[in-house]
Amino acid sequence: MRRLLAGLAAGTFLLATAACGSSDDSGSPGSSGEGAPSDGTTTVRLGLIPIVDVAPVYLGVAKGFYADHGLELSITTAQGGAAIVPGVVSGQFQFGFSNMTSLMVAQSNNVPVKAVSNGIASTGVAGADFGAITVKKDSALKSAKDLEGKKVAINTLKNINETAVRASVREAGGDPDKVTFVELPFDQMPAALDGGRIDAAMVVEPALATVKSQGGREIVSPFIDIAPRLTIAMYFTSTQYARQHPDVVKKFQEATAESLAYADAHPDEVRQIVTTYTKIPAAVLEQVTLPKWPAEPNRSSIEELRRLGSDDGLFKSEPDLDELLP
């Protein structure tokens, strides 16, 4: 299991950028990571990457939604997701945040994970999403079909962003097998694109805003080519914890649903709270396209993501969405 988890770690998360903040181990001691203070509040550990996507959790804490449900969140942040899936499975954390492809890959490899609450979704608006395939301003590339024979940067090979690019190339009538994928961290993509070391980049915010500030342009919104309003990531726990603590999981689900709804309705407060846990400058945040935070996942979009992942050979066995999803 340790070897399997280590192998999964590199592809666990959709987003991890060096501009997003520093690590902060704030977990509380205890073998289960769960405490019950004298006031009856339950403390749970949550593993996150400090990115825009998880702003609803921080807003929910600030607004008292988690406290109202009897929960205190002990948040541990890190630059990447390498420790979070194995951390959740081992009990170091009770909850974590991951993209759907990583969760399906984990489940297909018999890693006992269970999605419990929605995370983020695409905006559903082509040309106005938080992720896009981008090129230099003077590039001759006009569509995803033009990516055949070109170098395209993605943050992790064989994960959700490769699936997204491949879907867009197919949608445009091209052959995704003719695309050369280059693995590169999101925060390094703007410079690589501007310097001509790659032909295109599948970027997400805030790297997307950076590319545009350099004069780059987007040619397609690949998440939308997978499915309208694609569910991209969710909060999850271990199957063991979900089985042993259904009451805590329910409280987390309810508080997170409130937090997602509030964030979706208050974008200005989202941008403000992000400055409290990341190093993204406020001026950059003003230019960032925020994702959507629906309270419920879009099952049909996840089914399409599973189908495409299967076609691309990402899964050892077919993921069971009835088992994985809440």
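Please read these numbers as outputs of a predicted model, since none were measured by experiment.
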Non-hydrogen side-chain atoms of [X] and [Y] separated by less than 4.5 Å:
X: Ile154; Y: Val182; value: no
X: Pro86; Y: Ser90; value: no
X: Ile280; Y: Val52; value: yes
X: Asp199; Y: Leu147; value: no
X: Leu305; Y: Ile160; value: yes
X: Asp247; Y: His245; value: yes
X: Val88; Y: Gln94; value: no
X: Phe95; Y: Val44; value: yes

Please check this pair: side chain of [X] against backbone of [Y], looking for a donor-acceptor N/O pair closer than 3.5 Å.
X: Glu205; Y: Ala209; answer: yes
X: Lys150; Y: Val179; answer: no
X: Asn155; Y: Leu184; answer: no
X: Asp194; Y: Pro190; answer: no
X: Tyr277; Y: Ile51; answer: yes
X: Ser238; Y: Pro112; answer: no
X: Thr42; Y: Leu71; answer: no
X: Asp312; Y: Leu314; answer: no
X: Ser139; Y: Val135; answer: no
X: Thr276; Y: Gln272; answer: no

Indicate yes or no: does Arg166 engage Asp177 in a salt bridge with an N to O separation below 4.0 Å.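 Yes, this pair counts.
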Interatomic spacing from [atom1] in [X] to [atom2] in [Y] - rounded to 0.5 Å:
X: Asn298; Y: Thr231; atom1: CG; atom2: OG1; result: 5.0 Å
X: Trp293; Y: Ser259; atom1: CH2; atom2: OG; result: 11.5 Å
X: Met234; Y: Lys114; atom1: CE; atom2: NZ; result: 9.0 Å
X: Tyr66; Y: Leu46; atom1: OH; atom2: CG; result: 7.5 Å
X: Thr163; Y: Leu308; atom1: OG1; atom2: CG; result: 6.5 Å
X: Glu183; Y: Lys158; atom1: CD; atom2: NZ; result: 11.5 Å

Candidates Arg307, Arg306, Arg299 - the one meeting side-chain hydrogen bond (donor to acceptor under 3.5 Å, both in side chains) with Glu303: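 Of Arg307, Arg306, Arg299, side-chain hydrogen bond (donor to acceptor under 3.5 Å, both in side chains) with Glu303 is met by Arg299 alone.
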Can you spot which of Asn159, Asn161, Thr156 makes a side-chain hydrogen bond (donor to acceptor under 3.5 Å, both in side chains) with Asn99?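 Testing Asn99 for a side-chain hydrogen bond (donor to acceptor under 3.5 Å, both in side chains) against Asn159, Asn161, Thr156 leaves exactly one candidate, Asn159.
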Smallest separation among heavy atoms of [X] and [Y], with atom names:
X: Gln253; Y: Pro326; result: NE2-CB, 3.9 Å
X: Arg217; Y: Lys136; result: NE-O, 3.7 Å
X: Leu324; Y: Met100; result: CD2-CE, 4.3 Å
X: Pro176; Y: Gly174; result: CD-O, 3.5 Å
X: Tyr235; Y: Asp53; result: OH-O, 4.3 Å
X: Pro294; Y: Leu260; result: O-CD1, 3.6 Å

Any side-chain donor-acceptor pair under 3.5 Å between Glu258 and His69?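 Distance-only check passes for Glu258 and His69.
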Using the rule that Ile, Leu, Val, Met, Phe, Trp and Tyr join whenever any side-chain heavy atoms are under 4.5 Å apart, tell me whether Val125 and Leu208 fall into a single cluster.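 No.
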Given side chain to side chain contact (heavy atoms under 4.5 Å, CB included), test Ser213 with Gln287 step by step and report yes or no. CA-CA 9 Å; Ser213 73; Gln287 306 303 317; over 6 Å; no
Could you walk me through whether Thr77 and Ile49 pass the side chain to side chain contact (heavy atoms under 4.5 Å, CB included) test, one step at a time? CA-CA 5 Å; Thr77 62; Ile49 299 173; over 6 Å; no
Using a cut-off of 6.0 Å, state whether more than 12 heavy atoms not belonging to Glu296 lie near its atom CD.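 Count not over threshold, so no.
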More than 12 heavy atoms of other groups within 6.0 Å of Lys151 NZ: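 12 or below, so no.
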Give every donor-acceptor pair under 3.5 Å between a side-chain atom in residues 57-65 and any protein atom, sequence neighbours left out.
{"unit_1": "Lys63", "atom_1": "NZ", "unit_2": "Tyr262", "atom_2": "OH", "d": "3.3"}
{"unit_1": "Lys63", "atom_1": "NZ", "unit_2": "Glu269", "atom_2": "OE1", "d": "3.2"}

Could you walk me through whether Ile133 and Met202 pass the side chain to side chain contact (heavy atoms under 4.5 Å, CB included) test, one step at a time? CA-CA 4 Å; Ile133 298 176; Met202 171 58 206; 4.0 Å; yes
Stepwise side chain to side chain contact (heavy atoms under 4.5 Å, CB included) test for Phe130 and Val288: CA-CA 8 Å; Phe130 76 100; Val288 164; over 6 Å; no
Using residues 221-229 as the side-chain source, report each donor-acceptor pair under 3.5 Å to any protein atom, sequence neighbours left out, with the distance given to one decimal.
{"unit_1": "Ser221", "atom_1": "OG", "unit_2": "Gly127", "atom_2": "N", "d": "2.8"}
{"unit_1": "Asp225", "atom_1": "OD2", "unit_2": "Ser168", "atom_2": "OG", "d": "2.7"}
{"unit_1": "Arg229", "atom_1": "NH1", "unit_2": "Thr123", "atom_2": "O", "d": "2.9"}

